[in-house]
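Just below is one structure, and these are the notes that go with it.
Everything numeric in this text was worked out from a predicted model, so none of it was measured. Chain A is the first sequence line, chain B the second, and so forth, proteins listed ahead of strands; every chain is numbered from 1.
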Number of protein chains: 2
Amino acid sequence: MAGRVQSSTDADAVSRIIEEWHRQRPDLDPSPIEVLGRLHRSFLLYQSRTSKSVAAVGLSLAGFDVLAALRRSGEPYRLTAGELAATSLISSAGVTLRLDRLEGDGLIVRERDVKDRRVVHCRLTPAGLELIDTLFAEYLENERSMLAGLKPKERVQLAALLQKLERSLGSTADSTAGVVTLVGW
Amino acid sequence: MAGRVQSSTDADAVSRIIEEWHRQRPDLDPSPIEVLGRLHRSFLLYQSRTSKSVAAVGLSLAGFDVLAALRRSGEPYRLTAGELAATSLISSAGVTLRLDRLEGDGLIVRERDVKDRRVVHCRLTPAGLELIDTLFAEYLENERSMLAGLKPKERVQLAALLQKLERSLGSTADSTAGVVTLVGW
DNA sequence: AAGTAGTTTCTCACCCGTAAGGAATTGCCA
DNA sequence: TGGCAATTCCTTACGGGTGAGAAACTACTT
C-alpha cells in the first residue's frame, strides 16, 4: 500500500521538514518546529477526525462546541454570547454566526436579558439537550481511540506539558493588547 | 488588569471544563479532554500569535506555509500542487486557492509540466524567495519566544510525546478511506 | 487504435472565522 | 437631567477551508 509521496503518513514529516531547513538554511536553528510543527499537524489530524465524527449527525464542530459549553454549564443550560466567546476563544462575530445556525436548527434559543437588554442569553432547547447528551458520549469515545497509541503514563505527561505550553503561549512578553483580544474579551 | 471572565487566561480553562463535565455527567470519563482539549486550545493560541506575526508583512499563514514548503525544498524552489497538498495536510481545493492568491501577489508562478500536462509546478519568484527568506528567521524567533515558558528538557519531552500523538491520530483503527483523504492523497 | 480507468487540478456551493465598525443599551458623572 | 464612555451584540466585507464532481490529460487493456 504504498506511499507515492511519503511525506505524510510516514514516520515523521516534521523530522524531514527540520532536516530540509537545516540543509537549506544552516545558519538558522529550526528546533522550535520540533514542538510547534508537531502541535500544528497533530491539531489538523485531530480536527479532521473530530469533525467527521460529529458531522455524522449533521453538526459542525463549531456547533458542537457551543452545545457542549451550554450542557456542561448545568441547568438551566444558559450562557450569554459573551461567555461563549470567552470559553471558545473566538470573536464575537464568530459567536453570532454559530448561534444563528444553531437557532435555525432549533437546538438553542436566544433570549434577551430583561434587566440589561444588551445581553443575549442562549439556552439549550430540549432537542439541543438531547442531541448533545447522546453526542458527547460518542465524542469522548472517539477521542479515547485517538489516544490509543499512548500509554496512560504518557497521556498524563503530555497533558501536563501541554498545560505548560498553553501557559507559555498565552501569557507572554509582549504586553500589547493582542493577546487580550485573542482570548475573547 | 483584572479578569472579569476568568475562564480564559487563568490557571487552566481545561481543568475547569473537566470539572464541570464531571459534575454534570459523572457517568462519563472526560479524561481524553485533558490531552486533546489542551491540544486544541494551545493550537488556537499558537495560530493566533503566528498569524499576527506574518500578517505584519501582509502575508497569511496559509501563504507562508506554501512559501516555506517551496523554500525548504531547495532549488529550483518548485513543487507540484499535489505535493503541496500532501505536505500541508489540506485538500486540493485548498491548494488551488492558496496558489491563486500567491500568484496574484507575484510570489509564485504556476508552470504546466511539459511531459505530463496534468501537473502544475509552483515555483518561487525572486520576490517570493526574498520574502520567505527574511520572514522565516523572524518566524523562528517568534516561535522561540512562544516556548520560553518551557525548559529545554521539557521541550524535548513534549516534542517526543507530540510525535507519538501524531502517529496515534494518523494511523488508526478505522480502515476506511477517511484518513487517506485527510492526509491529502 | 479505441475505450476505459485513473490521475491531477480546478470549479462550485457552502461552512467557518476575523476585523472593523454600527446600533442599542447601560452607567457614570458633571 | 443630560451627555458621554463603555459594553454587548450584530452587520459587512473579506480570507480561508472542505467535499463533490467536472475537466483535462495519461496510461492501461484489449
Side-chain angles (χ1 to χ4, degrees), chain A residues 4-5 40 43-44 47-52 54-56 58-66 79-86 88-105 110-122 177-178 180-185, chain B residues 4-5 40 43-44 47-52 54-56 58-66 79-86 88-105 110-122 177-178 180-185:
Chain A
R4 209 187 109 284
V5 175
H40 194 146
F43 175 79
L44 290 180
Q47 185 181 43
S48 172
R49 288 193 56 174
T50 310
S51 293
K52 285 182 176 59
V54 301
L59 197 61
S60 74
L61 210 47
F64 178 84
D65 192 30
V66 171
L79 293 171
T80 70
E83 287 166 340
L84 287 169
S88 293
L89 256 43
I90 64 170
S91 65
S92 72
V95 170
T96 298
L97 268 185
R98 289 182 175 191
L99 297 183
D100 285 349
R101 283 184 271 265
L102 290 172
E103 194 173 33
D105 291 345
R110 275 191 254 224
E111 299 168 340
R112 209 104 222 174
D113 188 294
V114 286
K115 305 289 284 289
D116 183 343
R117 299 186 37 72
R118 288 170 304 182
V119 337
V120 168
H121 297 277
C122 310
V180 174
T181 306
L182 181 167
V183 168
W185 286 357
Chain B
R4 212 187 103 281
V5 175
H40 195 147
F43 175 79
L44 290 180
Q47 185 181 45
S48 172
R49 288 193 57 173
T50 311
S51 293
K52 284 181 177 59
V54 301
L59 197 63
S60 75
L61 210 48
F64 178 84
D65 192 30
V66 171
L79 293 171
T80 70
E83 287 167 339
L84 286 169
S88 292
L89 257 44
I90 63 171
S91 66
S92 70
V95 170
T96 299
L97 266 186
R98 289 182 175 192
L99 297 183
D100 284 350
R101 283 184 270 265
L102 289 173
E103 195 172 33
D105 290 345
R110 274 191 255 222
E111 299 168 339
R112 209 105 222 172
D113 188 296
V114 287
K115 305 288 285 287
D116 183 341
R117 300 185 38 71
R118 286 169 304 182
V119 337
V120 167
H121 297 278
C122 310
V180 175
T181 305
L182 181 168
V183 168
W185 286 356

Taking any heavy-atom pair under 4.0 Å as a contact, classify [X]: base, sugar-phosphate, or nothing.
X: B:S92; answer: base
X: A:T80; answer: sugar-phosphate
X: A:T96; answer: base
X: B:A93; answer: base

In whole angstrom, give the distance that lies between atom [atom1] of [X] and atom [atom2] of [N].
X: B:L99; N: D:dG17; atom1: CG; atom2: P; result: 11 Å
X: A:Q47; N: C:dC16; atom1: CD; atom2: P; result: 11 Å
X: A:K115; N: D:dT8; atom1: NZ; atom2: C1'; result: 17 Å
X: A:D113; N: C:dA24; atom1: CG; atom2: C1'; result: 14 Å
X: A:D100; N: D:dC10; atom1: CG; atom2: C1'; result: 9 Å
X: A:L102; N: C:dC15; atom1: CG; atom2: P; result: 13 Å
X: A:L59; N: C:dC16; atom1: CG; atom2: P; result: 9 Å
X: B:D116; N: C:dG6; atom1: CG; atom2: P; result: 17 Å

State, with a plain yes or no, whether a side-chain heavy atom of [X] is found less than 4.5 Å away from one of [Y].
X: A:L89; Y: B:H40; answer: no
X: A:D65; Y: A:L84; answer: no
X: A:R112; Y: A:V120; answer: yes

Where the side chain of [X] is defined as all heavy atoms beyond and including C-beta, which of [options] is the nearest nucleotide?
X: A:A81; options: D:dG17, D:dC9, D:dT26; answer: D:dC9
X: A:R118; options: D:dT26, D:dC9, D:dA6; answer: D:dA6
X: A:V120; options: D:dT26, D:dC10, D:dA6; answer: D:dC10
X: B:V119; options: C:dT18, C:dT9, D:dC9; answer: C:dT9
X: B:I90; options: D:dC9, D:dT18, C:dC16; answer: D:dT18

Hey, does the side chain of [X] come within less than 4.0 Å of [N]'s phosphate (OP1/OP2), counting only N and O?
X: A:R117; N: C:dA24; answer: no
X: A:K52; N: D:dG19; answer: yes
X: A:R98; N: C:dG17; answer: yes
X: B:S60; N: D:dG16; answer: yes

Practice item. Please tell me which of A:V114 and A:G94 maps to the more 5' nucleotide of DNA chain C, matching each residue to the nucleotide holding its nearest heavy atom. Key: A:G94

[X] [atom1] to [Y] [atom2] distance, which is reported to the nearest 0.5 Å:
X: A:C122; Y: A:L79; atom1: SG; atom2: CG; result: 7.5 Å
X: B:R98; Y: B:I90; atom1: CZ; atom2: CD1; result: 3.5 Å
X: A:S88; Y: B:L44; atom1: OG; atom2: CG; result: 9.5 Å

Review point. Taking a pair as Watson-Crick (N1 to N3 plus N6-O4 or O6-N4) or G-U wobble (N1-O2 and O6-N3), both under 3.5 Å, which stems of 3 or more consecutive pairs involve DNA chain D?
Key: C:1-30 with D:1-30

**Study point:** Test log, rule side chain to side chain contact (heavy atoms under 4.5 Å, CB included), inputs B:E103 and B:R110
**Key:** CA-CA 7 Å; B:E103 195 172 33; B:R110 274 191 255 222; 3.1 Å; yes

**Study point:** Partner set under side chain to side chain contact (heavy atoms under 4.5 Å, CB included) for B:D116, not counting sequence neighbours
**Key:** B:D113, B:R118, B:V119

